[in-house]
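What you see below is based on every heavy atom in this structure, not just the backbone, and it leaves out hydrogens, waters and symmetry mates. Nothing here was measured: the structure is a model prediction, and the numbers come from that model.
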Amino acid sequence: MQFHHHGYVSGDPRVQPAAGVGLNRPEELPEEVDVLIVGSGPAGMLAAAQLSQFPTITTRLVERRPGRLAIGQADGIQARSVETFQAFGFAERIIAEAYRITEMAFWKPDPADPSRIIRTARPDDDPTGISEFPHLIVNQARVLDYFAEFAANAPTRMKPDYGLEFEGLEVTGEGDYPVTVTLLRTDGPFEGQERTVRAKYVIGADGARSRVRKAIGCTLAGDAANHAWGVMDVLAVTDFPDIRLKCAIQSGHGGSILLIPREGGHLFRMYVDLGEVTAHTKGDIRSTTIEEIIEKANAILAPYTLDVRNVAWSSVYEVGHRLTDRFDDVLPEELGTRTPRVFITGDACHTHSAKAGQGMNVSMQDGFNIAWKLGHVLEGRSPESLLSTYSAERQVVAKNLIDFDKQWSTLMAKKPEEFEDPTELENFYVRTMEFPAGFMTEYSPSMIVGEAIHQDLAAGFPIGKRFKSAPVVRVCDTNPLHLGHHAAADGRWRIYVFADEPLPGNSSKVADFAEWLANSAESPLAATPEGADLDAWFDVKVIYQQDHKSIDINAVPAVFKPQVGPFRLNYLEKVFGVNPSEDIFELRGLDRGGVVVVVRPDQYVANVLPLTASAELGAFFAGMRAEVRVR
């Protein structure tokens with residue numbers, strides 16, 4: 001974390017100085033905003049948190065509830081999401097309070113006595129070490145709290161406008177604020193009063209019954225619900241031995257349970273199989289009482305018993321898989337003729353079962369994806385055409401999610417006797433682990449994702465996939481750390497320069513590349529606004545092949561030690577050596593002739609190039625720049 005560069009900071013360094021629209025931010029929702037976010041769920045709150053880092057952009061988030069969410073339905077936090085939390089500065093804190101999944105137990109009928117269940121397998125949750133971050137369980141409300149804290153501490157002092165419900169919108173296409181939004185006050189002295197707000201862009205993060213989706217003419221299409229589940233968060237006394245393990249339980253009584261331990265040491269969630277849904281049974285299943293859900297759970301758990309002492313939350317839901325064919329307001333016949341003004345995220349554009357733990361996780365990546373792009377367009381860093389990549393990228397991800405969830409939820413609903421292979425469920429869980437963990441997303445080539453021409457130079461950083469961090473040692477203070485953990489959600493691109501073999505101070509490819517970065521009009525750094533720090537838009541780091549003790553920090557090119565703040569202080573924390581016990585060049589298959597890895601603000605690898613391909617790098621960034629500002 002960088003601070004003190006503008007002078008001594010005596011308070012909490014996570015509270016950034018107010019700037020731009022954060023100075024004298026009005027409490028009342030303005031009549032004109034740059035971005036209006038509808039809904040304070042995971043996608044909406046992450047989008048607001050990311051946009052809070054752009055001081056010149058007026059972002060407001062409206063929520064029909066009168067205040068913060070007290071208890072949320074979602075609770076599964078995949079490792080990819082924890083990587084994202086690290087960028088927003090709260091991974092360590094949420095890990096400390098969350099339940100951590102390290103194994104999953106599978107229970108099935110005892111072949112000797114099918115009326116009883118026995119444990120049949122207990123595989124590791126992440127046997128391959130796909131991420132250094134854990135798989136967590138924590139209530140959605142706490143996730144939202146952390147994003148709200150980050151946004152409130154940001155330069156724009158972003159916070160939700162509660163008690164305002166979305167009624168409708170019209171894209172007029174006129175003037176600087178071409179989207180007219182009608183809101184209704186749901187709380188306070190002006191309850192029932194309508195408000196009109198004009199916006200440049202709107203993000204609909206208002207859930208499965210999204211009114212924003214309806215306003216832009218999108219509909220959810222897909223399979224109707226055909227299976228029902230009762231879900232309950234409870235405090236209970238039980239002799240079931242794996243009550244604090246994630247479990248898939250299948251009984252000989254024609255039912256199953258997905259058990260999810262919750263944070264705090266006592267609370268746990270159960271998804272209890274209520275059976276097939278038909279037109280005739282739908283009404284009865286929806287009216288299933290909590291007492292009936294508990295009774296069903298006890299039947300499935302036999303010979304073990306469950307004595308529920310307190311119910312924190314319960315519901316009955318039916319599994320359905322639905323998806324919209326576009327995530328913005330541009331109709332198919334309008335593609336290429338205009339750029340979008342309205343976007344939908346999360347459950348507004350994809351719905352599925354809760355049992356794969358994907359809803360909140362995928363929704364947050366929707367919000368991350370669109371928010372940094374809006375920030376870049378509104379600040380003049382990128383052309384409006386960048387916004388068309390949101391629907392193109394995220395619609396494919398949602399389709400893959402639904403295909404996966406259909407398989408998982410179908411397997412969870414099968415009776416034990418219906419499996420040809422009795423180990424099919426646990427084998428599927430282990431085999432597909434990388435997908436639910438959030439690491440199978442791979443964006444196709446576009447204006448912000450390069451072609452895999454030089455992929456062989458960095459096999460461990462696949463273009464289009466998330467940047468998988470690895471250990472390094474920082475030269476200036478000798479601290480061992482993870483390279484990716486210092487990529488904050490600040491809207492900047494990352495340029496990781498993996499040096500060729502010579503040490504700094506010697507003639508080398510990395511020295512030539514550094515000279516080009518610092519002085520060429522074709523360098524991406526040339527677009528940095530006059531008066532801003534050299535690393536304001538592009539965070540450039542260098543990793544040498546030697547250990548930190550061999551590297552003379554004074555011999556490192558100046559572009560890797562940019563002067564920052566009003567005192568023009570040298571920022572030395574961008575220079576790294578290898579960790580001898582875990583050499584990043586070996587771990588990630590990096591060519592020792594020198595490689596540049598370009599990473600987007602949302603942590604996805606955008607390009608891989610040799611150190612000698614400065615012209616290609618310049619052309620790549622030139623294609624996404626709205627305006628070149630020569631320093």
Side-chain angles (χ1 to χ4, degrees), residues 443 445-470 472 475 482-484 486-487 492-504 506-528 534-546 551 556-562 573-578 583-625:
Y443 295 135
S446 68
M447 66 184 294
I448 50 173
V449 178
E451 298 281 354
I453 298 170
H454 305 290
Q455 184 65 78
D456 60 309
L457 300 179
F461 293 126
I463 296 173
K465 298 188 78 171
R466 120 286 189 187
F467 179 82
K468 185 177 182 180
S469 184
V472 290
V475 172
H482 255 268
L483 183 62
H486 292 262
R492 291 187 294 173
W493 286 79
R494 263 75 206 180
I495 300 176
Y496 294 101
V497 181
F498 294 93
D500 51 338
E501 293 185 9
L503 281 163
N506 296 294
S507 176
S508 64
K509 296 176 190 174
V510 75
D512 293 342
F513 181 76
E515 174 67 20
W516 177 84
L517 265 183
N519 298 308
S520 173
E522 305 304 316
S523 165
L525 293 141
T528 308
L534 185 63
D535 65 351
W537 282 11
F538 297 93
D539 180 17
V540 183
K541 292 179 167 66
V542 64
I543 305 91
Y544 288 97
Q545 296 185 28
Q546 295 78 16
I551 299 166
V556 173
V559 75
F560 302 130
K561 303 175 296 184
E573 297 191 359
K574 298 174 184 284
V575 182
F576 303 89
V578 299
D583 186 333
I584 191 172
F585 284 80
E586 296 292 334
L587 288 175
R588 297 293 176 263
L590 293 162
D591 190 286
R592 293 188 179 274
V595 186
V596 178
V597 177
V598 180
V599 180
R600 299 172 6 167
D602 57 355
Q603 303 178 320
Y604 286 86
V605 178
N607 216 333
V608 169
L609 298 164
L611 274 177
T612 53
S614 53
E616 280 186 63
L617 182 67
F620 177 74
F621 278 110
M624 67 184 76
R625 281 206 303 245

Exercise. Is the backbone of Pro445 close enough, under 3.5 Å, to the side chain of Glu451 for a donor and an acceptor to pair up by distance?
Worked result: no
For this session: Please report the closest heavy-atom contact between Ala487 and Tyr496, naming both atoms and the distance.
Result: CB-OH, 3.9 Å
Exercise. Mind checking whether Val559 and Val540 have side chains closer than 4.5 Å, heavy atoms only?
Worked result: no
Exercise. If you round to the nearest 0.5 Å, how far is CH2 of Trp516 from OG of Ser523?
Worked result: 4.5 Å
Exercise. Are any of the side-chain nitrogens in Arg592 or Glu586 under 4.0 Å away from the carboxylate oxygens of its partner?
Worked result: yes
Problem set entry | Nearest heavy-atom neighbours spanning Leu457 and Leu609 | CD1-C, 4.1 Å
Problem set entry | Value rounded to 0.5 Å, distance of CG in Leu483 from NZ in Lys541 | 7.0 Å
Problem set entry | Value rounded to 0.5 Å, distance of CZ in Phe560 from CG in Asp535 | 13.0 Å
Exercise. For the residue pair Ile551 and Gln546, what are the closest heavy atoms and their distance?
Worked result: CD1-O, 3.9 Å
Exercise. Atom CG in Leu587, atom NZ in Lys468: separation rounded to 0.5 Å?
Worked result: 9.0 Å
Problem set entry | Closest contact, heavy atoms only, Phe585 versus Ile543 | CZ-O, 3.7 Å
Exercise. Does some side-chain heavy atom of Phe498 sit less than 4.5 Å from a side-chain heavy atom of Ile584?
Worked result: yes
Exercise. At their closest point, which heavy atom of Val575 faces which heavy atom of Tyr544, and how far apart are they?
Worked result: CG1-CE1, 4.1 Å
For this session: Measure the shortest side-chain to side-chain distance between Trp537 and Arg492 over non-hydrogen atoms and say whether it is less than 4.5 angstrom.
Result: no
Exercise. Heavy atoms, side chains only, cut-off 4.5 Å: are Lys509 and Pro610 in contact?
Worked result: no
For this session: Test Ser469 against every option in Arg588, Gln603, His482 by the side chain to side chain contact (heavy atoms under 4.5 Å, CB included) rule and name the one that passes.
Result: His482
Problem set entry | Considering all heavy atoms, the nearest Met447-Gly623 contact | CE-O, 3.7 Å
Problem set entry | Value rounded to 0.5 Å, distance of CD1 in Ile495 from CZ in Phe513 | 6.5 Å
Exercise. To the nearest 0.5 Å, what is the distance between CD1 (Ile463) and OH (Tyr604)?
Worked result: 15.5 Å
For this session: Count the heavy atoms of every other residue, nucleotide or ligand shown that sit under 6.0 Å from CD of Glu522, and state whether that count exceeds 12.
Result: no
Exercise. Under 3.5 Å, is there a donor-acceptor pair between the side chain of Gln455 and the main chain of Ala458?
Worked result: yes
Problem set entry | Donor-acceptor contact below 3.5 Å, side chain Asp500 vs main chain Val510 | yes
Problem set entry | Check: Leu517 and Pro524 side chains under 4.5 Å, non-hydrogen atoms | yes
For this session: Go through the side-chain N and O atoms of His486 and Glu573 and say whether any donor and acceptor fall under 3.5 Å apart.
Result: no
Problem set entry | Working for side-chain contact (heavy atoms from CB on, under 4.5 Å), residues Leu617 and Asn607 | CA-CA 9 Å; Leu617 182 67; Asn607 216 333; 5.9 Å; no
Exercise. Using the ring of each side chain (for Trp, its six-membered ring), is Phe467 parallel, tilted or perpendicular to Phe461, with breaks at 30° and 60°?
Worked result: parallel
